[in-house]
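Below: one structure, written as structure tokens.
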There are 2 protein chains.
Amino acid sequence: MVAQVRRFNRVVTERVGALSDRFLGLPRPLGEARLLWEIGSEGCEVRLLRVRLGLDSGYVSRLLRSLESGGLVKVVMSRGDQRVRVARLTAAGRRERARLDDRSDRLAESLLAPLNARQRQQLVTAMGDVERLLVAASVEIRPVDPEDADARYCLAEYVAELNRRSTRGFDPTKGATAQPHELRPPAGQFFVASLHGEAIGCGGVKHHAGAPAEIKRMWIAPQARGLGLGRRLLATLEACARTGGAQVAHIETSAVLHEALGLYRSAGWVEVPPFNDEPFADHWFEKRLA
Amino acid sequence: MVAQVRRFNRVVTERVGALSDRFLGLPRPLGEARLLWEIGSEGCEVRLLRVRLGLDSGYVSRLLRSLESGGLVKVVMSRGDQRVRVARLTAAGRRERARLDDRSDRLAESLLAPLNARQRQQLVTAMGDVERLLVAASVEIRPVDPEDADARYCLAEYVAELNRRSTRGFDPTKGATAQPHELRPPAGQFFVASLHGEAIGCGGVKHHAGAPAEIKRMWIAPQARGLGLGRRLLATLEACARTGGAQVAHIETSAVLHEALGLYRSAGWVEVPPFNDEPFADHWFEKRLA
DNA sequence: GCCATTCTCTGACTTTAGTCAGCAAATGGG
DNA sequence: CCCATTTGCTGACTAAAGTCAGAGAATGGC
């Protein structure tokens, strides 16, 4: 497998290498071209450019001066905060950016051109798979404090989604709760999944000495579904419950979360009679942690 | 499709970018690391290094001096031609190269690590498809003179393969010939397929005014099979025959080339009674060129 | 043996892509 | 209003990557 990954890598950097440098071939250094691209047609705050491209403040400033003297960019004060400056493309800058875009398209076309219809379809499908799985592999799941900003965001989204999908009304303070102190070691643990620093999922475990651990608040952002992330998160939570000493784990959920029901069943969870009185729940699952 | 290619490209360069720079993270500039890698455990002529990496003569020389002063490389005279110099890795150089290799392996593993067994299998399969199709797309088919070096090489391989696969003995000067003058415009045309400058296939067309064109000497190197290249080459030859004014094309072949029989049938060729007396042939095909 | 070519090396130079320290203006919490 | 912080800018510096011209030795065709 490692050999295939490396072979893939070699071929892709060789052939797509030209593509990857969608900036090459224009009489413009890579740094400037990247900046031009990142500014976008809408304009962008200079501080955001620094963060997104991971560049030094002084360096960005100098690149902007260079683009400005070339008549491609105009840097103006931000309204609101007078310290912040906003870079905007001029008409010439937009033309240049369109050229980069066009160049990218043509390179992609030239990649497909020698192939017949069936091969193109195969290539595009395989590229889609690689893309999806590489994105899935970039997702990082880490334990965080349940009151950390990312955790709060995910929990809020979780509650909002439940209330959007059910008419019954979900109140996280009622029934089988999962308050911050219940999800913080040693009582429990909370996890956040993130992609490129953006929180896209969460889940928690409540340990109970001598009794089944509870898995709570499992949520995956809509845009991150279909990556097999739910399964990975669930496995992480199960491992956490097992490490906490539990032999068995419990989950209660609602039928409105039909993807979740399918996931639990296929991950070896079995439906059992209600083990608590959570008013929002209508399905109760149990799994023996080997 | 173009959008998928570009999306693939963005994700791959982002995630595999680190991988692609298998050289990063060692206290050594990229240029030196690439050179170290390219020299290989066998050593390599300096002029080949220049060609393969596409670098300036002076630049390579300086890089070699730097590696030499670091004790990683030894540059020695070539036996035979005293102008040519050969770069060889020292024991320390081989250790350093092994470190690069190891680093590559670990990066590939880290890419697979967050995925479960099924996802890994999917990713590796999709990577294999992308690789194969990108290689297929890099193959270039161009018309060449039938006495050009690449053409001679392919024709020799073609004859050698026929004689390896059949006990009947194939003599290209007997029967339905395809001498250079018959495959040179205006009488005909010869094509060579090449991958990264290496000839990996060939085929020719003989035009006959008012009569079916003949397709001759179609061959694909063993290492380039399975890329759909035969089909593409055949389509090129058919197009050439059509451009030459033919309404119908002919091919004769032998059953020992069973892949070829399958290709012709699936590409719309129909088997017909013998139209010539080529002693090596045992199957005759015809196709109407729309 | 002559001469064009090949191969490598050196010196002098440039561009790109940064890093680092420090400054000045604006902001916001107390 | 004070003061720490944020934001962007400038000057001074570095390393990497590469280009170009030319020199010197070896080679090969004639």
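Here is the naming used below: chain letters follow the sequence lines, and residue numbers restart at 1 for every chain.
- Rounded to an integer number of Å, the gap from B/Glu45 CD to D/dT27 P is 13 Å.
- Taking only side-chain nitrogens and oxygens, A/Arg85 comes nearer than 4.0 Å to OP1 or OP2 of D/dC9.
- One interatomic measurement links the two molecules: CZ of A/Arg47 to C1' of C/dA26, which rounds to 12 Å at whole-angstrom precision.
- Between A/Met77 atom CE and C/dA24 atom C1' there is a gap of 12 Å when expressed in whole angstrom units.
- A/Glu109 and A/Arg106 are not joined by a salt bridge, as no carboxylate oxygen comes within less than 4.0 angstrom of a charged side-chain nitrogen.
- Using a cutoff of 4.0 Å between basic side-chain nitrogens and carboxylate oxygens, A/Arg6 and B/Asp101 are scored as salt-bridged.
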Quiz: residues 66-73 of chain B side-chain donor-acceptor pairs under 3.5 angstrom, not counting sequence neighbours:
from	atom 1	to	atom 2	distance (Å)
B/Ser66	OG	B/Glu32	OE2	2.6
B/Glu68	OE1	B/Arg65	NE	3.0
B/Glu68	OE1	B/Arg65	NH2	3.4
B/Glu68	OE2	B/Val75	N	3.0
B/Ser69	OG	B/Ser66	O	3.0

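- OP1 and OP2 of D/dT7 both lie 4.0 Å or more from every side-chain N or O belonging to A/Arg50.
- A distance of 11.5 Å separates CG of A/Asp129 from CD of B/Gln119, quoted to the nearest 0.5 Å.
- If you measure from atom CG of B/Leu67 to atom P of D/dA16, you get 12 Å, rounded to the nearest angstrom.
- Atom CZ of B/Arg28 is separated from atom C1' of D/dA15 by 15 Å (rounded to the nearest Å).
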Q.
Between A/Leu123 and A/Met127, is the side chain to side chain contact (heavy atoms under 4.5 Å, CB included) condition met? List the steps.
A. CA-CA 6 Å; A/Leu123 179 57; A/Met127 281 182 164; 4.0 Å; yes
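- Separating the CG atom of A/Leu48 from the P atom of D/dT6 is a distance of 15 Å, rounded to the nearest angstrom.
- Across the protein-nucleic acid pair, A/Leu49 atom CG and D/dT7 atom C1' stand 13 Å apart, rounded to whole Å.
- The residues A/Asp150 and A/Arg142 are annotated as salt-bridged, a charged nitrogen and a carboxylate oxygen being separated by less than 4.0 angstrom.
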Q.
Generate the contact string for nucleotides 17-26 of chain D. Rules: B means base contact, S means sugar-phosphate contact only, - means no protein heavy atom under 4.0 Å.
A. SBBB-----B
